[in-house]
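Below, read A as the first sequence line, B as the second, and so on, with proteins coming before strands; counting in each chain starts at 1. As the structure is a prediction and not an experimental result, all values here were calculated from the model. Computed over heavy atoms, backbone and side chain alike; hydrogens, waters and symmetry mates excluded.
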4 protein chains.
Amino acid sequence: MLRGIVPPVLSPLRDRDALDEAGLERLLEHILGGGVQGLFILGTTGEGPSLSYRVRRDLISQTCRHVARRCPVLVGITDTAFAESVGIARHAADAGADALVLAPPYYMPEGQPELREYLQHLLPELPLPLFLYNMPPLTKVSYELDTVRWALDQPGICGLKDSSGSMIYFAQVLGLRGSRPDWPVFVGPEELLAPSVLMGGDGGVAGGANLFPRLYVALYQAAAAGDVARARDLQQRVQQVVDRLYRVGRHPSTIIKGIKCAAACLGLCSDFMAEPFHKFRAPEHLRIEQAMADLAPVVAV
Amino acid sequence: MLRGIVPPVLSPLRDRDALDEAGLERLLEHILGGGVQGLFILGTTGEGPSLSYRVRRDLISQTCRHVARRCPVLVGITDTAFAESVGIARHAADAGADALVLAPPYYMPEGQPELREYLQHLLPELPLPLFLYNMPPLTKVSYELDTVRWALDQPGICGLKDSSGSMIYFAQVLGLRGSRPDWPVFVGPEELLAPSVLMGGDGGVAGGANLFPRLYVALYQAAAAGDVARARDLQQRVQQVVDRLYRVGRHPSTIIKGIKCAAACLGLCSDFMAEPFHKFRAPEHLRIEQAMADLAPVVAV
Amino acid sequence: MLRGIVPPVLSPLRDRDALDEAGLERLLEHILGGGVQGLFILGTTGEGPSLSYRVRRDLISQTCRHVARRCPVLVGITDTAFAESVGIARHAADAGADALVLAPPYYMPEGQPELREYLQHLLPELPLPLFLYNMPPLTKVSYELDTVRWALDQPGICGLKDSSGSMIYFAQVLGLRGSRPDWPVFVGPEELLAPSVLMGGDGGVAGGANLFPRLYVALYQAAAAGDVARARDLQQRVQQVVDRLYRVGRHPSTIIKGIKCAAACLGLCSDFMAEPFHKFRAPEHLRIEQAMADLAPVVAV
Amino acid sequence: MLRGIVPPVLSPLRDRDALDEAGLERLLEHILGGGVQGLFILGTTGEGPSLSYRVRRDLISQTCRHVARRCPVLVGITDTAFAESVGIARHAADAGADALVLAPPYYMPEGQPELREYLQHLLPELPLPLFLYNMPPLTKVSYELDTVRWALDQPGICGLKDSSGSMIYFAQVLGLRGSRPDWPVFVGPEELLAPSVLMGGDGGVAGGANLFPRLYVALYQAAAAGDVARARDLQQRVQQVVDRLYRVGRHPSTIIKGIKCAAACLGLCSDFMAEPFHKFRAPEHLRIEQAMADLAPVVAV
């Protein structure tokens, strides 16, 4: 049973259609060294939908080979095309991944009955257990509560990650799953890591854990142990990471750009971004560099 | 220079990952027989993003072969992954298509400067001229007016289709392009066909023209000729098509499902839908059948 | 039966809670001199909800007295409190107004059945016929089509003004009212004046008609006569008014501020704004002044 | 310094424009008996904007007289008209209220600089300290973080209530106010009471505290004391209140209707609603009655 910090791993790129393999290895070692409980590749922070299928397969293979079962690897298979999701899922299973992660198809806005029927058709095709990934700001469609209730009875569905940003929704999902310890519920936005775990959540898929895995692991542990004072303190440090690294640019992409640029500042990997994004130019790069220097004492745990 | 009705062609499917080839041929003949000016495949009505890349390539090849240059074929290349858009574009050029159609990448919400830079990088890779496809309800991101102004100066961009549903935006785009007759502006929602052409628009990408191409061609011609009374009359008939065929189901998919079901009622092609959608069940099918019977006198022109 | 241009009259203010009476008289003469068909006071452009009840009553009395039945006066009674709407309505009747205008209560978001029941309770209390005012961007709640269908059967409801900005909605309302010439449908956004009248609409409530009433009257007449070429030409001039006067500031208030500032440039009235808005400072004032000079030949008809 | 539970008091009505005075007294005694720290009248739950000014003044006077300084009384002065806000504020001060509460003017959507200038103009007119009330779902406009930062330096502004529903925003506000114990931050949605207080919030403005004040006070105390297990347990009971009482109707009004109907079931006051709402009919009333019976053991603390 998965609990704790499962970072959404960056996808290091050498150029538009090629992985930065050495960078990926350094990044994985860095994250694993921080004591995380799992890895999630090809999510939003991993720019999954922006990568060609060739690069996605490559990333899966290399990650699984390098991790070598030191922790579970979760693979994003969200896609607008059914057959492509299945294709990635099979590749992930062959490569030795442990689970799949699926947000609703995100071009056509499907109704909840359509979404459930789609899942019913998809589940038998999947060779690995599936986490639902609730991400309405990007997919337009949520896994609404009726669908979550239904999902709890599907053998192939093993948990949920909520990136809605709504603690109200998160609490309702916790209520639905009740005391089933085998159906973990993770939170996406790292601003909500402490409160969601204090309220019974099982962990976080925090982008900042690419950079400071120990900080996020410590925060999870404090909150899971009910140490309110320490959880608050560590959450405030995470808030400083957010304020300094995720607000440098003007567009929503600033979060991923900030993390990737900071990873480059740490010497982990290239900051090349997949289209339609482009890496920070010199002025923003400098601001991230300065922020990383300033954050050093903040993130030390 | 393209003007008039350019239907967004349905993608007839035999099953989840196979084209209904005979249905596609009948459908194309039916549409071409109505006097349309062009065809647009792999758009929203064509369920483009829901099809596997194999089926997309197949559809492009078969459409181009069957149309055999009787009219221009436009191919949707909208994708979240740059390399996949380029791949489809090259296949379209090889197959003999005439132009490409691109909505903004639709998972990550890019800012307008990011969108322009993305286009700057994409255009040199494209072997055919490009139409912009403004579709904010599905892509979350618009081609805002500054980007349209910039696009007017890009040699590779040859026009725009607006499915925003906003006549205010449409009129602003018409204002920007001024009197350039070589840069057509098309409207998506068929409810807006008469007013947009009366105000200077160049035509419509009307889903209903899969079914009743003559009606939409006649409406376009009346509006383009400034025949207000006839344009109003024909627009009201289109409104009846909308009211009877596009509101049968409960979800936004009801429009595409309605058109595909009606095409099946006409004996044109299978009504199998790509995931995450599923064809109408019997009760809805019956309502579409009845509607088609009732509409027969309405759509006769 | 009301048809044509019914300007939403500015509310000239001397200071935060006092009418600019001389300005109001000059403004009314200016508008009436342009050949408009009616006047609408206490709407959005008239900053109705921002005025104290004392000033609202004052404005009603003075407008009715000054207009002296030269054209119909419509009075906005939109309010969050039932009793206050009724109070204003009675004052309007006493002052000699001709009709009332009501958008849905705009704090609490009511459902459509609640909205209809509210109207059922309100109508018997109103001493004058009522126009519905559809303004979802500000009220959050629309008069949805079922409610419009219901309203068509209410003796006390005499027409509708649509400021949704959606020509699709507008066309649907036209379809519902059919050929009832006694139930006029007006459009709010002046960018839509030509297309909406060409499609059968009965006129416009155009803010710019405070400044250039002849231009808007001419545009209405051309469109109502089916003169497409002239309607397009005049609509393009209106678009220049929009582009030059309504985009000077950064916030949505820029439209009303621009019109009021331009009215001051014409020497009609004070540009004092009701809270929470504040009149343009010198730089914006200068831009409006320059725009008014540039627009002089554009608006001459 | 105010901390703890400050219920948004229902406004008991005899009919459309008259207070249920006896009901108000019983309701106030019931709430005060539960150990709350303050009372907030004329908020959203109190249907403030739906009441005539006469009734609002009446409610203020009677509440202050009946409470007789047993706890602080906060009065909502949110309005679209500046002069009316000031008028209510003065009446509140005269009646003996302790503080005012203000959401942004909610018809015209003002920009943040406009909102700050409005506050600058309003503050000198107010005879009592002011709480900001962040309620973007109803006002469309937020107190954005820059405005909160500015507000922290205004002597007349003494705290903030956040009903945005976003714990991310709430945490950012907590970060801004730092360790100023004299500037309390309250949360609106009762689903967020435990997590917000665990993270450092100062209390809640929970509608359910009209019915079960002890439950909410106990929850606040547990969370403020860092007793995570008890806070979670009590929050789950609150969630049962939410699930059983606030989801009976179909429209957003169902929350207020549910609370008022339940108060009637408790024999506290009439369930008459201000327009545009209307009290539950018999079937919904029965469901609330049953829910109240079922909830009795849940809410006992």
Side-chain angles (χ1 to χ4, degrees), chain C residues 15-18 43-45 47-56 76 78-87 103-122 125 135 137-141 249-257 273-278, chain D residues 15-18 43-45 47-56 76 78-87 103-122 125 135 137-141 249-257 273-278:
Chain C
D15 62 37
R16 189 177 290 148
D17 205 33
T44 303
T45 303
E47 301 169 273
S50 302
L51 303 177
S52 71
Y53 290 91
R54 202 183 53 67
V55 168
R56 291 188 217 184
T78 308
D79 208 291
T80 56
F82 189 95
E84 306 299 344
S85 285
V86 173
Y106 49 92
Y107 185 74
M108 304 290 196
E110 62 276 3
Q112 295 295 304
E114 294 171 323
L115 179 56
R116 288 194 289 273
E117 191 169 355
Y118 160 81
L119 285 167
Q120 273 174 323
H121 294 168
L122 184 63
E125 310 288 331
M135 182 40 134
L138 298 194
T139 60
K140 303 177 301 252
V141 173
R250 287 178 303 150
H251 310 301
S253 60
T254 187
I255 300 175
I256 308 179
K257 285 182 186 174
M273 301 287 298
E275 299 278 352
F277 296 154
H278 315 96
Chain D
D15 63 37
R16 189 177 291 148
D17 204 33
T44 303
T45 303
E47 302 170 272
S50 302
L51 304 177
S52 71
Y53 289 91
R54 201 182 54 66
V55 169
R56 291 188 217 183
T78 308
D79 209 291
T80 55
F82 187 96
E84 305 300 345
S85 285
V86 172
Y106 49 91
Y107 184 73
M108 304 288 196
E110 62 277 3
Q112 294 296 305
E114 293 172 325
L115 179 57
R116 287 193 289 273
E117 192 169 354
Y118 160 81
L119 286 167
Q120 273 174 324
H121 294 168
L122 184 64
E125 310 287 331
M135 183 40 135
L138 297 195
T139 60
K140 303 177 299 251
V141 173
R250 286 178 303 150
H251 310 301
S253 61
T254 186
I255 300 175
I256 308 180
K257 285 182 186 174
M273 300 288 296
E275 300 276 353
F277 297 153
H278 315 96

Practice item. Count the heavy-atom pairs under 4.5 Å between each of Asp79(D), Thr80(D), Thr44(D) and chain C, then report the option with the highest count. Key: Thr80(D)
Study note, to complete from the structure: When the 4.5 angstrom heavy-atom criterion is applied to Glu84(D) and chain C, the contacting part is side chain
Revision key, fill the gap. Looking only at Ser52(D), Pro252(D), Pro276(D), Ala83(D), the option with the highest number of non-hydrogen pairs under 4.5 Å against chain C is Pro276(D)
Study note, to complete from the structure: Whatever's closer than 4.5 Å to a heavy atom in chain C on Pro137(D) counts as backbone
Exercise for review: Under 4.5 Å heavy-atom distance to chain C, tell me which part of Ile256(D) shows up: side chain, backbone, both or neither.
Suggested key: side chain
Point to revise | Those residues that, when tested against Ala274(C), pass side chain to side chain contact (heavy atoms under 4.5 Å, CB included) (two or more places apart) | key: Leu13(C), Glu47(C), Ser50(C), Leu51(C)
Point to revise | Flag for Glu110(C)-Ser253(D): side-chain donor and acceptor within less than 3.5 Å | key: no
Review point. Among Glu114(D), Arg54(D), Arg250(D), Lys140(D), which has the most heavy-atom pairs under 4.5 Å with chain C?
Key: Glu114(D)
Point to revise | Derivation of the side-chain contact (heavy atoms from CB on, under 4.5 Å) call for Tyr53(C) and Tyr53(D) | key: CA-CA 10 Å; Tyr53(C) 290 91; Tyr53(D) 289 91; 3.0 Å; yes
**Study point:** is_close_aromatic(Tyr107(C), Tyr107(D)), centroid dist under 6.0 Å
**Key:** no
Review point. Looking at Ala81(D), Gly48(D), Gly87(D), which one has more heavy-atom pairs under 4.5 Å with chain C than the rest?
Key: Ala81(D)
Point to revise | From CA spacing to verdict: side-chain hydrogen bond (donor to acceptor under 3.5 Å, both in side chains), His121(C), Glu275(D) | key: CA-CA 9 Å; His121(C) 294 168; Glu275(D) 300 276 353; 2.5 Å; yes
Review point. Taking it one step at a time, do Glu125(C) and Arg16(D) satisfy side-chain contact (heavy atoms from CB on, under 4.5 Å)?
Key: CA-CA 13 Å; Glu125(C) 310 288 331; Arg16(D) 189 177 291 148; 4.1 Å; yes
Review point. Under a 4.5 Å heavy-atom cut-off, does chain C meet the side chain of Pro105(D), its backbone, both or neither?
Key: side chain
Point to revise | Most contacts with chain C, counted as non-hydrogen pairs under 4.5 angstrom, among Gly249(D), Ala103(D), Pro109(D) | key: Pro109(D)
Practice item. Could you grab the distance from atom OH of Tyr118(D) to atom NE2 of His278(C), nearest 0.5 Å is fine? Key: 9.5 Å
Review point. Nearest 0.5 Å, what's the CG-OH distance between Leu138(C) and Tyr106(D)?
Key: 13.0 Å
Check your understanding: Excluding sequence neighbours, so at least two apart, what forms side chain to side chain donor-acceptor pair (under 3.5 Å) with Thr78(D)?
Key -> none
**Study point:** Contact origin within Ser85(D) toward chain C - heavy atom pairs under 4.5 Å
**Key:** neither
